[in-house]
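Notes to accompany the following structure.
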There are 2 protein chains.
Amino acid sequence: MREGPTITTIAKRAGVSIASVSRVLNGLPTRQETVRKVMAAAEELGYVPNSVARSLKSARTNQVAFAMADIGNPVYLAMVREIQPVLKAAGYRLVLHSTGADVGEEIEVLRSLGERYVDGLILIPLRVTDELVEAIAAARAPVVVIGSVPDGLRVDNVRTDSRTGLRLALDHLYALGRRRIGFVNGPLDTVPGAARAGAYRDALAALGLPYDPDLVEIGDFNRAEGAAATSRLLARAPDVDALMCANDLIALGALHVLRRAGRRVPQHVAVAGMDDIDLAADAWPAVTSVSLGSAERGRAAAELLLDRLRDGDREPRIITVPPRLVVRASTVGEDAAPSGPADPAVPEQTRPGAPERTGTRFPRAVPERTAPGEDVVREGGG
Amino acid sequence: MREGPTITTIAKRAGVSIASVSRVLNGLPTRQETVRKVMAAAEELGYVPNSVARSLKSARTNQVAFAMADIGNPVYLAMVREIQPVLKAAGYRLVLHSTGADVGEEIEVLRSLGERYVDGLILIPLRVTDELVEAIAAARAPVVVIGSVPDGLRVDNVRTDSRTGLRLALDHLYALGRRRIGFVNGPLDTVPGAARAGAYRDALAALGLPYDPDLVEIGDFNRAEGAAATSRLLARAPDVDALMCANDLIALGALHVLRRAGRRVPQHVAVAGMDDIDLAADAWPAVTSVSLGSAERGRAAAELLLDRLRDGDREPRIITVPPRLVVRASTVGEDAAPSGPADPAVPEQTRPGAPERTGTRFPRAVPERTAPGEDVVREGGG
DNA sequence: TTGTACGCGTTATCAT
DNA sequence: ATGATAACGCGTACAA
């Protein structure tokens with residue numbers, strides 16, 4: 001782990017000037033003999049250009065930051081998995097920031113852009129305060145925000161339409177005959193929480209259903225809190241026949257509680273979630289979910305940022321990823337003998353677009369049929 | 001997004017030299033009046049020190065890289081979640097590399113350390129080739145390797161003992177009366193795959209059980225391949241009464257296949273996995289798993305690296321995280337009435353150490369009993 | 001106490 | 001074609 005060689009080292013070794021070394025290394029026109037000597041010296045010394053010095057000179061770091069609340073969240077994880085390869089292909093490294101859903105930390109990340117350690121930032125805030133908006137506007141490097149931001153904030157933006165998404169799910173539940181549709185939401189002071197609360201009311205109104213406060217509960221956007229909130233809701237509204245969950249983790253918690261309470265899903269209570277995370281498809285029964293295109297949003301954000309890094313002066317752009325309802329067993333599953341042969345599997349449907357992914361990642365090679373929805377045939381086995 | 005101010009800008013504004021600005025900003029003894037002027041100017045201009053220039057001067061970047069196969073893998077994810085806050089607390093940023101389990105990419109990351117964009121690297125290779133070992137030895141920055149490396153390689157190292165871990169699980173299965181214990185392993189050309197293959201044979205021998213090739217199948221370390229491999233194994237050895245899976249994802253795939261095949265878990269076939277990922281505890285039935293301390297290993301690696309960054313000359317250190325068997329319903333679950341009141345919950349046990357985590361993350365506030373293992377009382381309901 | 005000047009490693013400009 | 005030299009922004013001896 002000795003000191004690394006610099007162009008100066010190479011210059012001495014090759015008996016030329018540092019300028020020549022630089023030219024050779026950068027492929028600028030140089031005499032063959034010089035090229036040979038420099039390359040040889042560089043090879044022998046195991047030269048690797050110092051990216052810090054290069055950054056200082058070029059004012060570019062080839063690094064991009066991604067800041068989200070917690071990488072443990074499947075939605076953010078799905079985004080990172082898309083963002084990383086896109087950036088990598090473009091020659092950028094990824095710096096990860098976990099803000100713990102703390103606005104202060106998000107603002108701190110935005111301020112830190114002044115340190116110039118990255119060329120840009122992809123930010124996905126949970127709560128959008130005035131202070132955050134100011135920080136975004138004052139950012140010293142290009143920023144792409146995933147999520148809704150106030151109109152007038154000139155920033156590249158990737159969003160989805162969770163209102164329409166929730167509407168898709170409620171229409172689906174209604175079409176199945178459900179009329180007592182509960183709603184387990186996340187905190188109202190978060191952007192998604194607030195949006196989904198409004199969307200729920202609107203959707204009910206559009207369907208001609210009354211808004212019943214007893215049918216609404218709030219917990220955090222995770223499985224444990226989702227379970228707790230569902231318990232409270234069940235206690236207050238025992239006649240609920242469907243549960244709309246503000247995200248899939250909440251839905252998984254709901255499934256757990258419903259099973260414990262002896263309620264069959266979907267026979268007694270249909271369950272739908274949002275985000276279409278992998279676990280939703282793998283759950284038992286598989287969870288009907290509104291895909292908000294996490295992966296697509298991640299990719300779009302990365303590409304938007306890369307584009308902006310090429311042309312810093314273009315107008316801010318907004319990309320909207322449409323929601324899709326992915327229907328699975330938790331809303332349309334059917335009864336079956338506990339160990340008997342599978343009933344006709346319920347095909348997974350995607351609306352409104354064409355199906356882009358399946359509810360399961362099992363290869364065709366598996367002998368057993370692994371069509372989505374099959375698990376439901378065992379769910380109610382009692 | 002105008003050009004950021006530098007110390008030169010501030011110097012002019014405050015009417016002092018750049019040296020004075022630097023002194024003030026670094027808290028060196030300076031006249032009060034000068035301090036005031038400089039701070040005022042810096043404040044007005046919104047000065048933020050340029051980390052690139054600082055790095056060039058100090059030869060430290062305050063960045064650390066973490067390279068693993070795929071952040072989507074729950075084990076690596078658990079590590080990142082531990083590593084990130086530890087590094088952050090020490091003032092380091094995290095640069096993420098996904099190598100896709102490609103040795104070439106891992107070597108590339110090691111070589112790139114010569115670019116000096118990070119102060120150190122935490123690497124978790126899946127396959128350890130001679131070339132990789134050479135690259136580690138020749139690394140231009142401190143490296144901490146998670147996983148087993150050849151003796152004699154002088155590098156900070158965090159490992160676990162998956163052989164003993166697998167032994168714990170097999171002893172457990174044997175104690176439960178299982179004698180036809182199958183093994184669903186990952187690729188043999190990976191370090192964990194090879195180690196576990198040997199451990200399986202050794203453990204069988206120690207227990208006085210014969211080694212039966214029909215009881216062994218190999219797939220990749222994921223759910224889909226685990227399911228496929230399990231299917232093949234079931235076809236070849238229908239009398240299998242226990243399945244040891246080389247990791248939890250494989251175990252989840254096995255659960256799926258067993259359910260489809262009408263085999264009850266654990267009544268007909270007991271299932272055990274490795275890694276103790278969150279999904280193991282949340283599965284249905286909850287999966288008995290050998291914890292290899294992913295989080296602990298991540299934290300240990302981060303701390304080892306930080307320590308090394310403070311003292312680059314100390315001897316390489318090896319930290320071994322002991323495996324623990326976490327017993328859950330997939331091996332010790334019992335029958336119960338499908339919808340009746342819960343049987344005495346099977347307590348989650350941890351061996352050999354004391355229990356450090358529970359099999360569920362539901363809060364006590366949840367009305368229903370949420371003791372670990374409770375799911376098993378409903379599992380066999382058929 | 002403060003200012004000048006140099007170096008970190010690279011790229012780019014300008015003579016030669 | 002090549003070499004000397006000036007930036008990039010910061011920290012720090014050294015001189016004043």
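Here is the naming used below: chain letters follow the sequence lines, and residue numbers restart at 1 for every chain.
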For the side chain of Ala19(A), starting at C-beta, report the closest nucleotide among dA4(D), dT2(C), dA1(D).
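It is dA4(D).
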
Distance-only polar pair, side chains of Thr61(B) and Asp119(B), donor-acceptor under 3.5 Å:
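Yes.
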
Mind calculating the distance between [atom1] ([X]) and [atom2] ([N]) to the nearest angstrom?
| X | N | atom1 | atom2 | answer |
| --- | --- | --- | --- | --- |
| Leu25(A) | dT2(D) | CG | P | 14 Å |
| Leu28(B) | dT12(D) | CG | P | 7 Å |
| Ile10(A) | dG3(D) | CD1 | P | 14 Å |
| Arg60(A) | dT11(C) | CZ | C1' | 14 Å |

Do any side-chain nitrogens or oxygens of Ser20(A) fall under 4.0 Å of OP1 or OP2 in dG3(D)?
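For Ser20(A), the contact criterion (side-chain N or O under 4.0 Å from OP1 or OP2 of dG3(D)) is met.
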
Side-chain N or O of Ser55(A) less than 4.0 angstrom from OP1 or OP2 on dC8(D)?
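Checking Ser55(A) against dC8(D): no side-chain N or O falls below 4.0 Å of OP1 or OP2.
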
Which pair of non-hydrogen atoms, one from Leu110(A) and one from Ala139(A), has the smallest distance, and what is that distance?
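Result for this residue pair: CD2-CB, 4.3 Å.
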
Is Asp311(B) atom CG crowded by more than 12 heavy atoms from other residues, nucleotides or ligands, each under 6.0 Å away?
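Counting other residues, nucleotides and ligands, CG of Asp311(B) exceeds 12 neighbours.
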
Greater than 12 external heavy atoms within 6.0 Å of Arg111(A)'s CZ:
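No - once you tally the heavy atoms of other residues, nucleotides and ligands closer than 6.0 Å, there are 12 at most.
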
Would you tabulate the pairs of protein nitrogen or oxygen atoms and nucleotide nitrogen or oxygen atoms of nucleotides 6-10 of chain C closer than 3.5 angstrom?
residue	atom	partner	partner atom	Å
dG7(C)	N2	Lys57(B)	NZ	3.3
dT10(C)	OP1	Tyr47(A)	OH	2.5
dT10(C)	OP1	Asn50(A)	N	3.1
dT10(C)	OP2	Ile7(A)	N	2.7

Carboxylate-amine/guanidinium contact Arg299(B) Glu296(B), below 4.0 Å
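Salt bridge flag = no for Glu296(B) with Arg299(B).
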
What nucleic acid atoms does Val16(B) come within less than 4.0 Å of, heavy atoms only: base, sugar-phosphate, or nothing?
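The answer is sugar-phosphate, as Val16(B) gets under 4.0 Å only of primed atoms, P, OP1 or OP2.
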
Between atom CG of Leu121(B) and atom CG of Leu305(B), what is the distance when rounded to the nearest 0.5 Å?
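Rounded to the nearest 0.5 Å, the CG-CG separation comes to 8.0 Å.
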
